[in-house]
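The analysis underlying the following values was restricted to heavy atoms, covering all of them including side chains, and did not include hydrogens, waters or symmetry mates.
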Amino acid sequence: MSFKGDIHGDGIVRIDGKVEGNISSKQGIILGEKANVEGSLESDNVIIFGHIKGSIKSKELILKTTGSVQGDIVSDFLEVEMGSKYDGSLKIGQREIHDDTKQGKVKVAPPGIEPGSTV
């Protein structure tokens with residue numbers, strides 16, 4: 001199946017065909033092994049088994065063995081499996097949370113990374 005246009009939603013979206021357009025969904029986006037997307041992805045959670053040519057913005061991104069990305073990634077957490085392909089720039093962000101005891105902002109490192117450590 002082939003689709004041209006933007007897709008917006010709140011639930012989880014799974015793509016198994018060709019999409020020419022931007023996809024945004026609050027809860028999650030899954031690109032199946034046969035997915036081929038030309039456009040940007042934006043979601044809290046993204047799992048890529050297929051191919052995307054475009055930018056990705058997410059809180060959590062998992063790039064599976066069969067997945068490939070041609071584009072820039074901005075994510076708080078990134079998991080890359082051996083065998084996957086990626087070509088672009090990468091920015092791993094740090095979320096800011098409010099610390100009620102100090103009435104200020106505290107920077108929190110992504111899960112699994114100790115604050116102040118070098119990656």
Self-check item: Audit row: N45, I47, side chain to side chain contact (heavy atoms under 4.5 Å, CB included) steps and yes/no
Solution: CA-CA 7 Å; N45 302 291; I47 302 173; 5.9 Å; no
Exercise. I would like to know whether D72 and S55 meet side-chain hydrogen bond (donor to acceptor under 3.5 Å, both in side chains); could you show each step before the answer?
Key: CA-CA 5 Å; D72 299 336; S55 62; over 6 Å; no
Self-check item: L31 vs L41, side chain to side chain contact (heavy atoms under 4.5 Å, CB included): CA-CA, chis, key distance, verdict
Solution: CA-CA 10 Å; L31 298 187; L41 301 181; 3.9 Å; yes
Self-check item: salt bridge (charged side-chain N to carboxylate O under 4.0 Å, His left out) between D87 and K85, worked out
Solution: CA-CA 7 Å; D87 181 21; K85 296 178 177 116; over 6 Å; no
Quiz prompt | Derivation and outcome, salt bridge (charged side-chain N to carboxylate O under 4.0 Å, His left out), residues E38 and K53 | solution = CA-CA 5 Å; E38 289 188 33; K53 184 176 184 179; 5.7 Å; no
Self-check item: Trace of the side chain to side chain contact (heavy atoms under 4.5 Å, CB included) decision for T65 with S84
Solution: CA-CA 4 Å; T65 300; S84 61; 5.8 Å; no
Quiz item: Could you walk me through whether K34 and N36 pass the side chain to side chain contact (heavy atoms under 4.5 Å, CB included) check?
Solution: CA-CA 7 Å; K34 296 182 180 181; N36 189 349; over 6 Å; no
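Using a 4.5 Å heavy-atom threshold, the side chains of H51 and Q70 count as touching. Looking only at side-chain heavy atoms (C-beta outward), V69 and I48 come within less than 4.5 Å of each other. Within the 4.5 Å cutoff, the side chain of L61 has no heavy atoms near those of the F77 side chain. Contact check for I92 versus L78: side-chain heavy atoms found under the 4.5 Å cut-off. No side-chain heavy atom of I56 sits less than 4.5 Å from a side-chain heavy atom of V74.
At a threshold of 4.5 Å between side-chain heavy atoms, the hydrophobic network of Ile, Leu, Val, Met, Phe, Trp and Tyr places I73 and V37 in one connected group. In the hydrophobic cluster analysis, where Ile, Leu, Val, Met, Phe, Trp and Tyr join through side-chain heavy atoms closer than 4.5 angstrom, I12 is grouped apart from I15. Tracing side-chain contacts under 4.5 Å through hydrophobic residues (I, L, V, M, F, W, Y), one reaches I7 starting from I29; they form part of the same cluster.
D10 contributes no side-chain N or O that, together with a main-chain N or O of S25, makes up a donor-acceptor pair within less than 3.5 Å. Distance alone, capped at 3.5 Å, places no donor-acceptor pair between the D44 side chain and the Q27 backbone.
Contact record, V46 with S58: CG2-CB, 3.9 Å, taken as the closest heavy-atom pair. Across all non-hydrogen atoms, the minimal contact from G32 to R14 is CA-NH2, 3.7 Å. In plain terms, the two heavy atoms of E33 and F49 that are nearest each other are N-CB, 3.6 Å. Scanning all heavy atoms of the two residues, the minimum distance from D6 to N22 falls at OD1-N, 2.9 Å.
With values rounded to the nearest 0.5 angstrom, I30 atom CD1 is found 10.5 Å from K64 atom NZ. Rounding to the nearest 0.5 Å gives a distance of 11.0 Å between CZ of F3 and CD of E20. Between the NZ atom of K91 and the OG atom of S75 there is a distance of 13.5 Å, given to the nearest 0.5 Å.
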